[in-house]
Visitor: 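What follows is a structure written as structure tokens; I'll ask about it next.
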2 protein chains.
Amino acid sequence: MALSDPMRLRIIRSMVNQQGCMSCTEAAPCPNMAKSTLSNHFRVLREAGLIHTEKRGVEHRNIVRLDDVEARFPGLLKTILAFSDTEDKERWRAPPP
Amino acid sequence: MALSDPMRLRIIRSMVNQQGCMSCTEAAPCPNMAKSTLSNHFRVLREAGLIHTEKRGVEHRNIVRLDDVEARFPGLLKTILAFSDTEDKERWRAPPP
DNA sequence: TCAATAGTTCCATAATATCGAACAATTGAA
DNA sequence: TTCAATTGTTCGATATTATGGAACTATTGA
């Protein structure tokens, strides 16, 4: 699944929070991520129908297909995006059993 | 992340729908899944703090730690479980661009 | 005591994320 | 026009992870 990957989730999060188009570089989860890796994630997101990409000049403008995603996964984006990005590592650490 | 894997998601789904304890075999996503694979998924879920496992006789009884999960990921389980299992393949197929 | 059952552990294989290097396309400046 | 800079893509290699099979452990019941 396209949204299974933590990095792709962070990409989507960036784009939704921005409320508009972003270039691939702008939406990168971390500044030191390799261009090839980033490009691959955007390809997966595109092929999954989660984002739309439009070539504008030298860069690619990407936008989340909010309506389509909401239609297929009602409430999912809203729920996932409610978790702040910076706390993810903390959040995923297991509490004592 | 423990919930990133589709198989683990189906395991959790089984357990929540059952509203109680399930043995590892009972909660298996598919009947032909190898025992070792299943065991590994349960270990990941345990270590992530998503389920609690208790040895009872020859089998292990597992239960989803609903309160803990809800506290860490408000609304996540409810949202994810709203997607019926059998339609997942359809759902994850991309719509036309 | 012993066979059957339920999981675990270990090793090998397949799928996927990641990175670096080379490449293509577009823009803007010399 | 020509060329350097910018933005992504493609390709090959490596690391991580899911999967399956075989051997093992623990527990139950005959």
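Proteins get letters first, then strands, A, B, ... in listed order; numbering begins at 1 in each.
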Visitor: Got a second to check how far A:Leu45's CG is from A:Ile51's CD1, nearest 0.5 Å?
Guide: 5.0 Å

Visitor: Between A:Thr37 and B:Thr37, which has a closest nucleotide on DNA chain C that is more 5'?
Guide: B:Thr37

Visitor: To the nearest Å, how far apart are A:Glu59 CD and D:dT6 P?
Guide: 13 Å

Visitor: Provide, to the nearest angstrom, the distance between the NZ atom belonging to B:Lys35 and the P atom belonging to D:dA18.
Guide: 20 Å

Visitor: For D:dG8, does either OP1 or OP2 sit under 4.0 Å from a side-chain N or O belonging to A:Ser23?
Guide: yes

Visitor: Write down the distance between CG (A:Asn40) and P (C:dT16), rounded to a whole number of angstrom.
Guide: 11 Å

Visitor: Roughly, in whole Å, what's the span from NE2 in B:His60 to P in C:dA6?
Guide: 12 Å

Visitor: Is there a path of hydrophobic side-chain contacts, each under 4.5 Å between heavy atoms, that joins A:Val16 and A:Met7?
Guide: yes

Visitor: Atom CZ of A:Phe42 and atom C1' of D:dT10: how far apart are they, to the nearest Å?
Guide: 17 Å

Visitor: Hey, quick one: are A:Val64 and A:Val44 part of the same hydrophobic cluster, counting side-chain heavy atoms closer than 4.5 Å, chains of contacts allowed?
Guide: no

Visitor: Rounded to whole angstrom units, what separation is found between the CG atom of A:Leu38 and the P atom of C:dA17?
Guide: 13 Å

Visitor: What nucleotide among D:dG8, D:dT19, C:dC19 has an atom nearest to a side-chain atom of A:Ala34?
Guide: C:dC19

Visitor: Using a strict threshold of under 4.0 Å (side-chain N to carboxylate O), is an ion pair present between A:Arg61 and A:Glu26?
Guide: yes

Visitor: Testing A:Arg43, A:Arg46, A:His60 one by one against A:Thr53 for a side-chain hydrogen bond (donor to acceptor under 3.5 Å, both in side chains), which residue passes?
Guide: A:Arg46

Visitor: Out of D:dT7, C:dA21, C:dT8, which nucleotide sits closest to the side chain of A:Thr25?
Guide: D:dT7

Visitor: How many whole angstroms separate atom CG of B:Asp5 from atom P of C:dT16?
Guide: 12 Å

Visitor: Verify the contact: side-chain N or O of B:Arg46 to OP1 or OP2 of C:dT8, cut-off strictly under 4.0 Å; return yes or no.
Guide: yes

Visitor: Would you please confirm or rule out a distance under 4.0 Å between OP1 or OP2 of C:dG7 and any side-chain N or O of B:Ser39?
Guide: no

Visitor: Starting at the 5' end of DNA chain C and moving along, which residue's nearest nucleotide shows up first, B:Met22 or A:Lys55?
Guide: B:Met22

Visitor: Using OP1 and OP2 only, check whether a side-chain N or O of A:Arg8 sits under 4.0 Å from C:dA17.
Guide: yes

Visitor: Give the rounded distance in Å between these two atoms: CD of B:Glu26 and C1' of C:dA6.
Guide: 11 Å

